[in-house]
Amino acid sequence: MATNPSDDFGIEIKHLYKIFGYQAQASIERVKQGMSKAELLSRHSHVLGLKDINISMPSGGIQVIMGLSGSGKSTLIRHINRLIEPTAGEVIVGGVDVLKMSPHELREFRRHSISMVFQKFALLPNRTVLENAVYGLEIQGMARGRQVEIAMGWLERVGLKGYERHYPNQLSGGMQQRVGLARALASDAPILLMDEAFSALDPLIRMDMQSVLLDLQKEIRKTIVFITHDLDEALRIGDRIAILRDGEVVQQGTRQEIVMSPADDYIANFVKEVNRGRVIGVEAIMRPFVSVKAGATLTVPLGTSLESAVKRLVEAGLDELVVTDSQGQPVGQLALKSIIATMVTSTVSEASQLVQPRSVAQALLR
Ligand SMILES: Nc1ncnc2c1ncn2[C@@H]1O[C@H](COP(=O)(O)OP(=O)(O)OP(=O)(O)O)[C@@H](O)[C@H]1O
Ligand SMILES: [Mg+2]
């Protein structure tokens, strides 16, 4: 498969089921009829891994899969490069049905279209940093000189220049994960699968790695599937987030949708400590631009967080702002009191009882 950035490398998961056990097919019917994971295990000794998963992951975006331990995150991501065969359903990557690939096509697909970053780094201990970083290129059969050139470039990008000759055990965990990331990026695959890639790192290093990834992504625009059990990480990294519980998607959407309208108590409980002002952007609650009062106006671009919008309003001594698009055209307006109401209440419906039901309804319809 070519790796032209203009290619569409979106991932479509459709009606995917995975049941572990000898009579998985027979169990599907039971699950379709509503049998729970616990019951399937206790009565039939089969494990429900995934149930009717439908996720459309857009090309060039970061799709986060979040859920507690055992919810099916790794099982799901391993279907994308067919390390696991589904019991039922479809996995379409870049328009190609992964389940219909011949062994040869599958090998080429894994070699050129997908790279993985693992939680436990998975570096080869007897190879130097550079030798680890060239690994995927070796497998692709690239000429040695070019391998080294590309790998050195990525090692520099992840901040490891000067460490090329070190061995993994001479590096900290954060540095080892940078090697893992450089190795994955060197292969130039358009899809990056990251299974709890940053989970073993301590909090500050982890934030650091998130920043490295987000910075790189602005340029590389890969289709990234990022697994985490950490909500803060999910909200920071994900363009879209899907939340799994017991093998089922309980909610999926943007970070704003999840924080503003949690689908059930389980998710509401997850998001209740979140700093809403940082997660929610002005576009989620603005009303269409009509006009502003004469006098000074404050304009902020789409994507501005509520927290920074409030700061700027307070600094300017104003109580309303105008939201502009990338061309600087006004597209919406928003009052200080609506921003504050959204920041202090826990759901959109509560906020709508306080102020401006119209704008909140528009936010929901968006
Ligand atoms: N090979 C297998 N055989 C039987 N059951 C399995 C197998 N692999 C996974 N499972 C079961 O499928 C479910 C989902 O497991 P999975 O590893 O996908 O969870 P996870 O969300 O990645 O968890 P963690 O956060 O701990 O990595 C679990 O109940 C697990 O026991
Ligand atoms: Mg896992």
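Counting starts at 1 for both ligands and their atoms, following the listed order. Residue numbers start at 1 and run along the sequence shown.
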State whether the number of non-hydrogen atoms from other residues, nucleotides or ligands found under 6.0 Å of [X] atom [atom1] is greater than 12.
| X | atom1 | result |
| --- | --- | --- |
| Phe20 | CZ | yes |
| Arg165 | CZ | no |
| Phe289 | CZ | yes |
| Gln170 | CD | yes |

Fill in the blank from the handout: Sorted by chain and residue number, the residues having a heavy atom closer than 4.0 Å to an atom of ligand 1 are Phe20, Lys37, Val47, Leu68, Ser69, Gly70, Ser71, Gly72, Lys73, Ser74, Thr75, Glu196
Problem - Contacts of the Mg ion (ligand 2) with protein N/O/S atoms, counting only those under 2.8 Å - result: Ser74 OG
Handout entry: Under 3.5 Å side-chain donor-acceptor pair for Arg236 and Ser211
Key = yes
Practice task
Assess whether side-chain contact (heavy atoms from CB on, under 4.5 Å) is satisfied between Lys73 and Glu196, documenting all intermediate values.
Solution key: CA-CA 9 Å; Lys73 305 182 296 293; Glu196 304 257 12; 3.4 Å; yes
Practice task
Decide, yes or no, whether a salt bridge links Asp208 with Arg178 under the criterion of side-chain N to carboxylate O below 4.0 Å.
Solution key: yes
Problem - Distance under 6.0 Å and angle within 45° of ring axis: Arg245 vs Tyr266 - result: yes
Exercise for the section: May I ask whether Ile84 and Met194 are part of the same hydrophobic cluster, defined by side-chain heavy atoms of I, L, V, M, F, W, Y residues being less than 4.5 angstrom apart, directly or through others? Expected result: no
